[in-house]
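Notes follow once the structure below has been shown.
Note on naming: letters A, B, ... go to the chains in the order of the sequence lines (proteins, then strands), and numbering restarts at 1 for each one.
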Protein chains: 2
Amino acid sequence: MSDATTSPLRHDPPALKEVQVSCSKCNLRELCMPVRLREDELDVLDRLIANRKRVPRGKPLFSNGDKFGAIYAIRSGTFKTRINTADGRDQVTGFHISGEIVGLDGMGGEQHACDAMALEDSEVCVIPYDRLEELSRECTTLQQHFHRLMSREIVRDHGVMLLLGSMRAEERLAAFLLNLVTRMRARGFSGSELVLRMTREEIGSYLGLKLETVSRTFSKFAEEGLISVNQRHIRIEQPEKLRQMVGTHA
Amino acid sequence: MSDATTSPLRHDPPALKEVQVSCSKCNLRELCMPVRLREDELDVLDRLIANRKRVPRGKPLFSNGDKFGAIYAIRSGTFKTRINTADGRDQVTGFHISGEIVGLDGMGGEQHACDAMALEDSEVCVIPYDRLEELSRECTTLQQHFHRLMSREIVRDHGVMLLLGSMRAEERLAAFLLNLVTRMRARGFSGSELVLRMTREEIGSYLGLKLETVSRTFSKFAEEGLISVNQRHIRIEQPEKLRQMVGTHA
DNA sequence: CGTCGTTTTGAGTGGTCTCAAGACGTGTGG
DNA sequence: CCACACGTCTTGAGACCACTCAAAACGACG
């Protein structure tokens, strides 16, 4: 396995100049824009992105209440999305990595309904909503693709509801790890190792658990040999047992 | 009612009695289609609906795995949507009443990702997806409206995640009752009385609780005078206290 | 070296679940 | 009409899982 992931998060790319933005040449295109275009539609993708934007670790890409104007394709890095209520309750609604889209919750509304914060230095492609609207009318495949994106987000959320509504702590954490490692593998990373960009508390918020419970469950998994834990480095030792844990209604 | 306004190009077999379908004259329009249309767009809405469909209590409108072809505006009645896994886990993902849209989870995909079952005899308006696509390209306001619908569904789901992830049993049930009564009031029903169309078990599945806990919590609310419970008849006696319960992070 | 945020681990509490029994309303057949 | 079955709902007692409170270890960083 590659040891590219062992270097602590200091992989700042070489001074990224404001290069010309081109979806059609982006190596992430198959993840965020798997759109089959005809010859005469090839330029549509490149007209979609306005520019790129860097977001340093700990900074918001957008916040609850911000005027909605665009959605964002993550080019590199990791984000968490979160809602919070007036009384201090808050809930992490998702972790998002390269090739995924954030901001759909504000689409068509007046303002964003959640925060999106970078968990490491990150970069996104800005997709202005009005441009998306316009190009969707011109290009059926793009229109369909965005409907699919929104629909998948809904289905994903329903999956989280299933997790929160019916799983116990161990099952939730197992499902979380398997989900994350699967998405990382689809991006060329190891299928058995991963580096968590989020704290135990953020994991807990996402999974409806307290941070102590998350920590204890990690320890238990490690004791049982299911995973190895070294700070935020996790190695999946027995993926089959984890899958079994999620897929077997106790 | 005359059906002079229905499209002449309808060749659907008249399985059910083909009632005249007309959004522009529907009294629910402001709920499910609050779209501001120009003079020349007024016919768009009426071209949107293919037909209506009745669904008897206990029968599915669509099921997980069914080929996706349309979304549905609920004209009357109540539905629950539910996902279920191979191992017997299942989760009610929502209760839906008149003026609301179901089926968005399958939009743009190949097949529906959940079940939708009628909790009482109900009727829906069928909105074929290809027609929606086509009309969305012609009519910007319609396009925006459907983006808004999908986005709101996502935001709604995030709210449920907050509930499931951070609230205790009493808070969940209070939030559930307040949400439901608010939606009913928007439809002209009482703002303080409601008839539950779902069982305790279905409520529990939605709220991530066991049916016994739901029952106990109803009883507790009744003891404290917050509500009156008579089978599935609920009267909200002290809405302010319920709101306080939800809005005060313990 | 000290501070800070994060993580781990322990001990005890408490909320929800599990298992169980009985009550209630409804529909069915005798 | 009753008797009965059935699904639903209520209520109780005990178990268990996750939470709370607390303390200490750890790594990062100045």
Side-chain angles (χ1 to χ4, degrees), chain A residues 6-10 56-58 80 88-89 91-92 117 119-121 163-177 195-224 227-234 245 249-250, chain B residues 56-58 80 88-92 117 119-120 163-174 176-177 195-224 227-234 245 249-250:
Chain A
T6 56
S7 65
L9 43 100
R10 276 279 162 266
R57 173 179 179 174
K80 71 170 176 181
R89 242 191 265 275
Q91 172 76 25
V92 170
M117 177 179 289
L119 297 180
E120 59 184 319
D121 292 348
L163 180 147
L164 291 172
S166 77
M167 292 188 186
R168 291 178 307 115
E170 296 177 20
E171 300 168 330
R172 295 184 197 189
L173 194 63
F176 168 73
L177 290 173
V195 180
L196 303 176
R197 303 301 181 181
M198 65 295 285
T199 67
R200 304 288 194 256
E201 184 172 22
E202 288 164 335
I203 297 173
S205 173
Y206 180 59
L207 299 178
L209 302 170
K210 292 298 166 187
L211 70 94
E212 296 97 326
T213 304
V214 174
S215 179
R216 270 185 251 272
T217 308
F218 270 130
S219 299
K220 188 176 180 214
F221 283 178
E223 276 176 29
E224 295 170 344
I227 64 176
S228 300
V229 181
N230 185 348
Q231 288 295 114
R232 297 192 182 177
H233 266 80
I234 307 285
M245 185 175 285
H249 182 73
Chain B
R57 172 180 179 172
K80 69 169 177 182
R89 242 191 267 275
D90 73 338
Q91 173 76 25
V92 170
M117 177 179 292
L119 296 180
E120 61 183 321
L163 180 147
L164 291 172
S166 78
M167 291 186 187
R168 293 180 305 117
E170 294 176 19
E171 300 167 330
R172 296 186 197 188
L173 194 62
F176 168 74
L177 290 174
V195 180
L196 303 176
R197 301 303 182 180
M198 65 295 285
T199 67
R200 303 290 194 258
E201 184 172 21
E202 287 164 335
I203 296 173
S205 172
Y206 179 60
L207 298 178
L209 302 170
K210 293 297 167 184
L211 71 93
E212 295 96 327
T213 304
V214 174
S215 179
R216 268 185 252 273
T217 308
F218 270 131
S219 297
K220 189 175 179 216
F221 283 177
E223 276 176 30
E224 295 170 346
I227 64 176
S228 300
V229 181
N230 184 349
Q231 287 295 114
R232 297 192 182 177
H233 264 81
I234 308 285
M245 184 175 285
H249 182 74

Atom-to-atom span, [atom1] of [X] to [atom2] of [N] - whole angstrom:
X	N	atom1	atom2	value
A:Arg232	C:dT6	CZ	P	7 Å
A:Leu207	D:dC19	CG	P	11 Å
A:Leu196	C:dT8	CG	P	10 Å
A:Lys220	C:dG10	NZ	P	14 Å
A:Glu201	D:dC19	CD	P	12 Å
B:Arg200	D:dG7	CZ	C1'	13 Å
A:Ile203	C:dT8	CD1	C1'	14 Å
B:Asn230	D:dT10	CG	P	10 Å

Work out which heavy atom in [X] is nearest to a heavy atom in [Y]; give both atom names and the distance.
X	Y	value
A:Met167	A:Ala175	SD-CB, 4.4 Å
A:Phe218	A:Ile203	CE1-CD1, 4.1 Å
A:Gln91	B:Gly165	OE1-CA, 3.5 Å
B:Glu171	A:Arg89	OE1-NH1, 3.4 Å

Rounded to 10 degrees, the angle between the two terminal axes of the helix from C:dC1-D:dG30 to C:dG30-D:dC1, each from five pairs: 30°
Partner residues of A:Ser228 under the side-chain hydrogen bond (donor to acceptor under 3.5 Å, both in side chains) criterion, sequence neighbours left out: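 Here the qualifying residues are A:Glu237.
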With sequence neighbours excluded, residues passing side-chain hydrogen bond (donor to acceptor under 3.5 Å, both in side chains) with B:Glu120: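 Applying side-chain hydrogen bond (donor to acceptor under 3.5 Å, both in side chains) to B:Glu120 gives B:Thr78, B:Arg197.
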Touch class at under 4.0 angstrom, heavy-atom based, for A:Ser215 against every strand present: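 Result for A:Ser215 = base.
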Sugar-phosphate only, base, or nothing, as touched by A:Arg172 at under 4.0 Å among non-hydrogen atoms: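 Counting heavy atoms under 4.0 Å across all strands, no contact is made by A:Arg172.
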Could you list the donor-acceptor pairs under 3.5 angstrom formed by side chains in residues 205-217 of chain B, with sequence neighbours left out?
residue: B:Ser205; atom: OG; partner: B:Val92; partner atom: N; Å: 2.9
residue: B:Thr217; atom: OG1; partner: B:Thr213; partner atom: O; Å: 2.6

Base versus backbone protein contacts along nucleotides 14-28 of chain C [heavy-atom cut-off under 4.0 Å; B, S, -]: --SSBB---------
Sequence-distant partners of B:Gln231, side-chain contact (heavy atoms from CB on, under 4.5 Å), two or more places apart: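 Here no residue qualifies.
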Short side-chain to backbone donor-acceptor contact, A:Asp121 and A:Arg57, under 3.5 Å: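 Here the side-chain-to-backbone pair exists.
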